[in-house]
A.B. asks: 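Just dropping this structure here.
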Amino acid sequence: VIPGWFSEISPMWPGEAHSLKVEKILFQGKSEYQNVLVFQSSTYGKVLVLDGVIQLTERDECAYQEMITHLPLCSTPNPKKVLVIGGGDGGVLREVSRHSSVEQIDICEIDKMVVDVSKQFFPDVAVGYEDPRVTLHIGDGVAFLKAVPEGTYDAVIVDSSDPIGPAQELFEKPFFKLVANALRPGGVVCTQAESIWLHMHIIEDIVKNCRQIFKGSVNYAWTTVPTYPSGVIGFMLCSTEGPPVDFKHPVNPIDANDSHCKSKGPLKFYNSEIHAAAFCLPSFAKKVIDSK
Ligand SMILES: NCCCN[C@H]1CC[C@H](N)CC1
């Protein structure tokens, strides 16, 4: 990466590349799993890049972290035990910790370098690790889930990178089966589910697999994140058989005052209206998602 511009080139989005102006390279490393890069951008704050793919920027990470966390947790009445797969930067932990009903937060991240780099360069994101309810496991999410007793969690959040590299198995059927097994009846899962502009085929497969495995409800939601490819990112929201979950109408609203303390700051993006709106899809996506 030469100072000037960083372009996000990937076979996952052929023929296009979002670029950010680079002020200064802050870290470059190679973990057991991937190349890790942090740079100071001119207009989006610090940026975390894994294998050439933008994971988060200080300016817009709130959109993704708040939506991937509060869409599931605000849809279930009283979440107590939450598991995060991936999410090594700590942003989802910061958001989960806003929920006073939560008693236990487990996180399983495969790459320790991501945790260490986030703590060093993104303290306002990694602040999530400071919550006493958090237990960090460094390892493979599939192996972790195989060891989890059936029905342990009220909610699972899969904050993954793309299905190229270490996160590939988090998009496949065996993994979804393990997640369903780890959830209590009526438990909820939210996974990172790519872009309706770029990845309808991936989304089609994920929806098909989820409908076979999650016998509660299966919904796709989406939001805007300027620095993700095509400027949008989606989420699969599923529940296991049991007490019904209506993702589109939050039963457990997170309100301004109980949702922030000094270290976390206020919610910048999520609110109950944008929660409901997130499930409204353009016709080309509805056609595929509702027919699976
Ligand atoms: N916790 C960081 C976010 C990881 N999710 C991203 C979604 C968009 C992808 N192209 C890269 C990973």
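Ligands are counted one by one from 1 in listed order, and the atoms in each one are counted from 1 as well. These figures come from a predicted structure and were not determined experimentally.
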A.B. asks: Are a donor atom and an acceptor atom from the side chains of Asp51 and Tyr33 found within less than 3.5 Å of each other?
C.D. replies: no
A.B. asks: Starting from atom 2 (C) of ligand 1, find the nearest protein heavy-atom neighbour and note its residue, name and distance.
C.D. replies: Asp89 OD2, 3.2 Å
A.B. asks: Enumerate the atoms of ligand 1 whose separation from the nearest heavy atom of Gln192 is less than 4.0 angstrom.
C.D. replies: 7 (C)
A.B. asks: Output yes when the distance from some N or O of ligand 1 to some N or O of Asp159 is under 3.5 Å, and no in every other case.
C.D. replies: yes
A.B. asks: Does the side chain of His99 come under 3.5 Å of the side chain of His70 through a donor N or O and an acceptor N or O?
C.D. replies: yes
A.B. asks: Compare Val84, Ile233, Asp162, Val225 and give the one whose heavy atom is closest to atom 10 (N) of ligand 1.
C.D. replies: Asp162
A.B. asks: Gln34 and Asp111: side-chain donor and acceptor closer than 3.5 Å?
C.D. replies: yes
A.B. asks: Which atoms of ligand 1 have any heavy atom of Ile54 under 4.0 Å away?
C.D. replies: 11 (C)
A.B. asks: For the residue pair His18 and Tyr44, categorise the inter-ring angle as parallel (less than 30°), tilted (30 to 60°) or perpendicular (more than 60°).
C.D. replies: perpendicular
A.B. asks: Answer yes if the side chains of Ser217 and Arg211 hold a donor-acceptor pair under 3.5 Å, and no otherwise.
C.D. replies: no
A.B. asks: Which residue and non-hydrogen atom of the protein lie closest to atom 3 (C) of ligand 1, and at what distance in Å?
C.D. replies: Tyr228 OH, 3.1 Å
A.B. asks: On the six-membered ring of Tyr129, is Lys119 placed so that its NZ or CZ lies under 6.0 angstrom from the centre and within 45° of the ring axis?
C.D. replies: yes
A.B. asks: Give me the nearest non-hydrogen protein atom to atom 12 (C) of ligand 1 as residue plus atom name, then the distance to 0.1 Å.
C.D. replies: Gln55 OE1, 3.4 Å
A.B. asks: Heavy-atom contacts with Val53 under 4.0 Å: which atoms of ligand 1 show up? List them by number with element.
C.D. replies: 10 (N), 11 (C)
A.B. asks: If you take the nearest heavy atom of each of Ser160, Gly87, Ser161, which one is closest to atom 4 (C) of ligand 1?
C.D. replies: Ser160
A.B. asks: Give the ring-plane orientation class for Phe176 versus Phe214, where under 30° counts as parallel, over 60° as perpendicular and anything between as tilted.
C.D. replies: perpendicular
A.B. asks: Do ligand 1 and Trp13 have nitrogen or oxygen atoms that lie under 3.5 Å from each other?
C.D. replies: no
